[in-house]
Amino acid sequence: QVQLVESGGGLVQAGGSLRLSCAASGRTVSTSAMGWFRQTPGKDREFVAGIGWGSGRTTYADSVKSRFTISRDNVKSTVNLQMNSLKPEDTAVYYCAADPWGSGSPDESKYDFWGQGTQVTVSS
C-alpha cells in the first residue's frame with residue numbers, strides 16, 4: 001500500500017511559479033513511476049507529467065512542456081512539480097499518482113495509488 005500526500009498548491013498570479021510536492025509513504029518513490037495529473041470541474045482528469053522509476057525518464061503534456069519540471073528525491077521519497085510561467089488555464093486540482101515499476105506513462109489507468117489532490121489557482 002502507498003499513501004500519497006500533495007502539498008504546495010495555492011493562489012498565484014499569471015506568470016508566477018509554484019512548486020508542488022508529493023510525499024510517499026509505504027513504498028519508496030525510487031521503485032515507482034510517479035505522475036502528476038490535474039482536473040477541472042466538468043472535465044476529465046488529464047496527464048501533466050511523469051517520471052519513470054528506473055532511468056528517471058520524464059514525460060510531459062504538450063501544454064506544460066518547457067514550463068513545468070518533474071523531479072524525484074529518492075532519499076526523502078518525494079516527487080516535485082516545479083511550475084513556472086503559470087497561466088489561468090493551469091488552474092485545477094493537481095493529483096500525484098504512483099505506478100510501481102512503471103514508466104511514467106500518460107495513461108492514468110496504469111497508476112494504482114493516488115493522493116487527495118491540491119488546488120492550484122492562477123489569476124489573470
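Side-chain contact annotation: Asp107 with Ser109, donor-acceptor N/O pair under 3.5 Å present. Using a 3.5 Å distance cut-off with no hydrogens or angles, the side chains of Gln13 and Ser123 do not pair a donor with an acceptor. Between the side chains of Asn80 and Ser21, at least one donor-acceptor pair of N or O atoms lies under 3.5 Å.
Summarising the geometry, atom OG belonging to Ser25 is positioned 4.0 Å from atom CD belonging to Gln3; distances are rounded to the nearest 0.5 Å. Here the OG1 atom belonging to Thr31 is positioned 9.0 Å from the CG atom belonging to Asn74, to the nearest 0.5 angstrom. Of the inter-residue distances, the one linking Asp112 atom CG with Trp114 atom CH2 reads 10.0 Å to the nearest 0.5 angstrom. Distance CD/Gln39 to CG/Asp44: 7.0 Å, rounded to 0.5 Å. Atom NZ of residue Lys65 and atom OG1 of residue Thr58 lie 9.5 Å apart, to the nearest 0.5 angstrom. Atom CD in Glu89 sits 9.0 Å away from atom OG in Ser63 (nearest 0.5 Å).
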* **side-chain contact (heavy atoms from CB on, under 4.5 Å) assessment of Val120 paired with Val122** => CA-CA 7 Å; Val120 170; Val122 184; 4.2 Å; yes
* Verify side-chain contact (heavy atoms from CB on, under 4.5 Å) between Cys22 and Trp36, making sure each step is shown before the conclusion. => CA-CA 9 Å; Cys22 174; Trp36 285 96; 3.7 Å; yes
* Step-by-step side-chain contact (heavy atoms from CB on, under 4.5 Å) determination, Met34 to Cys96 -> CA-CA 7 Å; Met34 302 298 295; Cys96 173; 3.6 Å; yes
* Asked: Should Thr118 and Val93 be marked as a side-chain contact (heavy atoms from CB on, under 4.5 Å) after you check the CA-CA gap, both sets of side-chain angles, and the distance that decides it?
  -> CA-CA 5 Å; Thr118 185; Val93 176; over 6 Å; no
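Leu81 has its side chain out of reach of Thr69: every pair of non-hydrogen atoms, C-beta onward, lies at least 4.5 Å apart. Annotation: side chain of Ser71 is not in contact with side chain of Gln82 (no heavy-atom distance under 4.5 Å). At a threshold of 4.5 Å between non-hydrogen side-chain atoms, the residues Pro106 and Thr59 count as touching.
One hydrophobic cluster, built from ILVMFWY side chains closer than 4.5 Å, holds both Leu20 and Phe113.
For the pair Arg45 and Tyr95, the cation sits on the ring face: its NZ or CZ lies under 6.0 Å from the ring centre, inside 45° of the axis.
Residue Val64 is tested with Lys87, Arg38, Met83 for a side chain to side chain contact (heavy atoms under 4.5 Å, CB included); the sole match is Arg38.
The local environment of CD in Glu46 is crowded, with over 12 non-hydrogen atoms from other residues, nucleotides or ligands closer than 6.0 Å. Around the CZ atom of Arg19, the shell of radius 6.0 Å holds more than 12 heavy atoms that belong to other residues, nucleotides or ligands.
Under the ring pair (Phe, Tyr, Trp, His ring centres under 6.0 Å) criterion, Tyr111 pairs with Phe37, sequence neighbours left out. With sequence neighbours excluded, no residue satisfies salt bridge (Lys or Arg N to Asp or Glu O under 4.0 Å) with Arg72.
Of all heavy-atom pairs spanning Gly8 and Leu18, the tightest one is O-CD2, 3.8 Å. Of all heavy-atom pairs between Gln119 and Ala92, the closest is NE2-O, 3.4 Å. Residues Tyr60 and Phe68 come closest through the heavy atom pair CE2-O, 3.3 Å. Across all their heavy atoms, Ser17 and Asn84 have their closest contact at OG-OD1, 2.9 Å. Nearest heavy-atom pair, Ser32 versus Pro100, reported as atom, atom and distance to 0.1 Å: OG-CA, 3.6 Å. Smallest separation of non-hydrogen atoms from Val75 and Asp73: N-OD1, 3.0 Å.
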